[in-house]
Amino acid sequence: MKTIIKKVDPGSPDAEVIEEAGRILRSGGLVAFPTETVYGLGGDALNPESSRKIYAAKGRPSDNPLIVHIADLKDLERIAEEVPGNAKLLMNEYWPGPVTMIFQKTEEVPTETTGGLPTVAVRFPSHPTARALIRAAGGFVAAPSANASGRPSPTSARHVKQDLDGRIEMIIDGGSSAIGLESTIVDFTEEIPVILRPGFINYEMLSEVLGEVKVDPGILSEDQNVRPKAPGMRYRHYAPKAPLIVVEGERGPVTEMIRTLVGKAAAQGKRTAVLCSDETAAFYENAANSSVMVSPVGSLEKEESIAKHLFGQLRIFDENNIDIIYSEAFETPRLGQAIMNRLLKAAGHTVVRAEGPFAREERYE
Ligand code: TXA
Ligand code: MG
């Protein structure tokens with residue numbers, strides 16, 4: 001299959017491109033498109049055959065449910081049974097926007113789309129191109145992130161092409177994603193709402209609107225036996241090909257430890273990279289008198305920039321055939337929960353704590 005790529009002005013996409021993409025979706029084909037979080041791989045959410053194609057194109061296990069995207073609040077009742085009052089409050093505050101809500105599904109939503117579950121995840125994105133496309137498609141677009149399963153989510157059309165070229169009908173190129181991390185997911189099928197995936201709408205913002213909110217223990221635990229409720233959060237994910245080790249602690253010991261680790265890896269002839277903040281990048285230059293790839297991902301003073309560039313940076317390590325990556329921890333005040341959730345998954349929870357000159361680096365030799 002030849003994948004057509006169409007560039008649009010993200011704020012006001014060309015009507016002909018949207019019409020063509022809408023036709024593809026209505027006839028059961030797949031179109032990748034930009035949203036404010038990451039790029040999505042869209043198919044008609046009410047057509048089981050489209051959902052099967054999405055799983056096949058991504059190489060995704062078919063028990064991992066898809067999010068249904070809408071572009072009009074009144075469409076919610078066709079797919080969701082029982083929308084509780086506190087969910088409506090959240091919609092008032094943050095829809096359209098980067099938060100997904102889970103409800104009991106109606107008969108209209110095929111179980112192929114929900115990975116066999118009786119519930120449905122619904123998202124109303126704010127991105128103008130996404131909304132125009134959803135309308136052109138008939139109102140209900142199932143869209144996981146448009147990466148091959150296991151790879152970092154795509155934040156540009158180029159990333160989508162790397163993973164899905166030749167496997168889908170069309171990619172709409174609307175430039176780079178504004179947020180860069182996937183939507184926050186909140187489950188409203190329990191008595192007290194539960195955060196299944198942290199995102200740009202963070203814990204504090206949610207509790208301000210909802211009062212009591214729980215966090216799914218499965219997303220906090222390193223223990224394989226504590227299973228996250230969102231099936232997609234159970235898989236190894238976002239992972240670059242090289243092992244990634246997160247070093248946490250105070251800035252001084254962290255930079256010192258990473259310099260030491262980098263020196264050792266480089267001495268063994270490994271292609272080594274450091275994922276760090278703009279503020280600390282200078283500490284690693286010439287760390288090993290070698291060609292260490294120092295990769296500042298964004299500024300600690302502007303944590304949105306770290307979120308926005310994280311996934312793209314993980315892809316760059318693959319493109320450069322890096323053998324080992326050492327990363328700082330980014331425990332920033334507002335987005336740290338979401339950033340660290342993705343980074344720790346990419347690292348398979350390999351974390352070292354730098355506690356001073358005699359930190360536990362020997363564990364990683
Ligand atoms: O920002 C986003 O949410 C992006 C853009 C494209 O909208 N989409 C996205 O979809 O991240 P995906 O499929 O990559 O991640 C959806 C997550 C998965 O972890 C999945 O298991 C979970 O949501 N999920 C979907 N439906 C669910 C349900 N009914 N119950 C529990 N978890 C669900
Ligand atoms: Mg995904």
Side-chain angles (χ1 to χ4, degrees), residues 30-43 45 51 54-55 57-71 79-81 94-106 109-127 129-131 133-134 141-155 159-160 163-164 172 174 177-190 193-201 216 218-219 227-239 307 311 338 341-342 345-346:
L30 305 184
V31 176
F33 61 99
T35 82
E36 69 276 23
T37 56
V38 299
Y39 273 70
L41 172 57
S51 294
I54 291 176
Y55 291 112
K58 279 180 63 90
R60 172 171 177 146
S62 59
D63 62 352
N64 186 1
L66 310 174
I67 296 175
V68 179
H69 294 63
I70 59 174
I79 54 174
E81 211 79 75
Y94 293 117
W95 267 10
V99 60
T100 295
M101 304 189 206
I102 297 182
F103 306 109
Q104 297 300 332
K105 77 173 191 71
T106 62
V109 187
T111 47
E112 282 79 358
T113 300
T114 63
L117 294 176
T119 54
V120 62
V122 188
R123 171 152 135 72
F124 183 171
S126 61
H127 195 294
T129 302
R131 289 164 68 174
L133 178 68
I134 295 161
V141 173
S145 49
N147 50 289
S149 189
R151 296 261 290 152
S153 293
T155 51
H159 297 158
V160 179
D163 286 12
L164 300 176
I172 302 179
S177 310
I179 294 177
L181 301 176
E182 309 87 343
S183 60
T184 309
I185 302 180
V186 186
D187 182 1
F188 282 100
T189 65
E190 314 247 352
V194 188
I195 302 173
L196 302 190
R197 179 171 72 182
F200 185 84
I201 307 298
D216 179 7
I219 61 178
R227 282 162 67 83
K229 185 165 179 190
M233 301 295 280
R234 291 173 198 153
Y235 304 103
R236 181 172 150 82
H237 213 201
Y238 315 117
F311 286 146
N341 170 262
R342 303 328 189 262
K345 285 193 78 172

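Ligands are counted one by one from 1 in listed order, and the atoms in each one are counted from 1 as well. These numbers come from a predicted model, not from an experiment. The analysis underlying the following values was restricted to heavy atoms, covering all of them including side chains, and did not include hydrogens, waters or symmetry mates.
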Checking a contact table here: which protein heavy atom is nearest [atom], and how many Å away?
atom                    : answer
atom 28 (C) of ligand 1 : I102 CD1, 3.6 Å
atom 3 (O) of ligand 1  : S183 OG, 2.6 Å
atom 17 (C) of ligand 1 : I185 CD1, 3.6 Å
atom 9 (C) of ligand 1  : S145 N, 3.6 Å
atom 4 (C) of ligand 1  : V38 CG2, 3.9 Å
atom 29 (N) of ligand 1 : T119 OG1, 3.0 Å

*asked:* Once side-chain contact (heavy atoms from CB on, under 4.5 Å) is applied, do any residues pair with A178, and if so which ones, sequence neighbours excluded?
replied: none
*Is any N or O atom of N64, backbone or side chain, closer than 3.5 Å to an N or O atom of ligand 1?*
yes
*Is there a nitrogen or oxygen of T37 sitting under 3.5 Å from a nitrogen or oxygen of ligand 1?*
yes
*For residues 111-120, pull every pair meeting salt bridge (charged side-chain N to carboxylate O under 4.0 Å, His left out), keeping only residues two or more places apart or in separate chains.*
R52-E112
_With rounding to the nearest 0.5 angstrom, report the CD to CZ distance, E36 to R123._
4.0 Å
*Just going by heavy-atom distances, which of R123, H127, E36, R197 is nearest to atom 15 (O) of ligand 1?*
R197
*Protein N, O or S atoms at less than 2.8 Å from the Mg ion (ligand 2), how many?*
1
*Looking at residues at least two apart in the chain, or sitting in another chain, which of them share a salt bridge (charged side-chain N to carboxylate O under 4.0 Å, His left out) with R197?*
none
*Using a strict 4.0 Å cut-off to heavy atoms of P65, name the atoms of ligand 1 that fall inside it.*
20 (C), 21 (O), 24 (N), 25 (C), 26 (N), 27 (C), 28 (C), 33 (C)
*Proximal ligand 1 atoms for P231, defined as those under 4.0 Å from one of its heavy atoms*: 21 (O), 31 (C), 32 (N)
*asked:* At under 4.0 Å between heavy atoms, is it the side chain or the backbone of A143 that contacts ligand 1, or both, or neither?
replied: backbone
*asked:* Please classify the Q104 to ligand 1 contact at 4.0 Å (heavy-atom distances, strictly less than): side chain, backbone, both or neither.
replied: neither
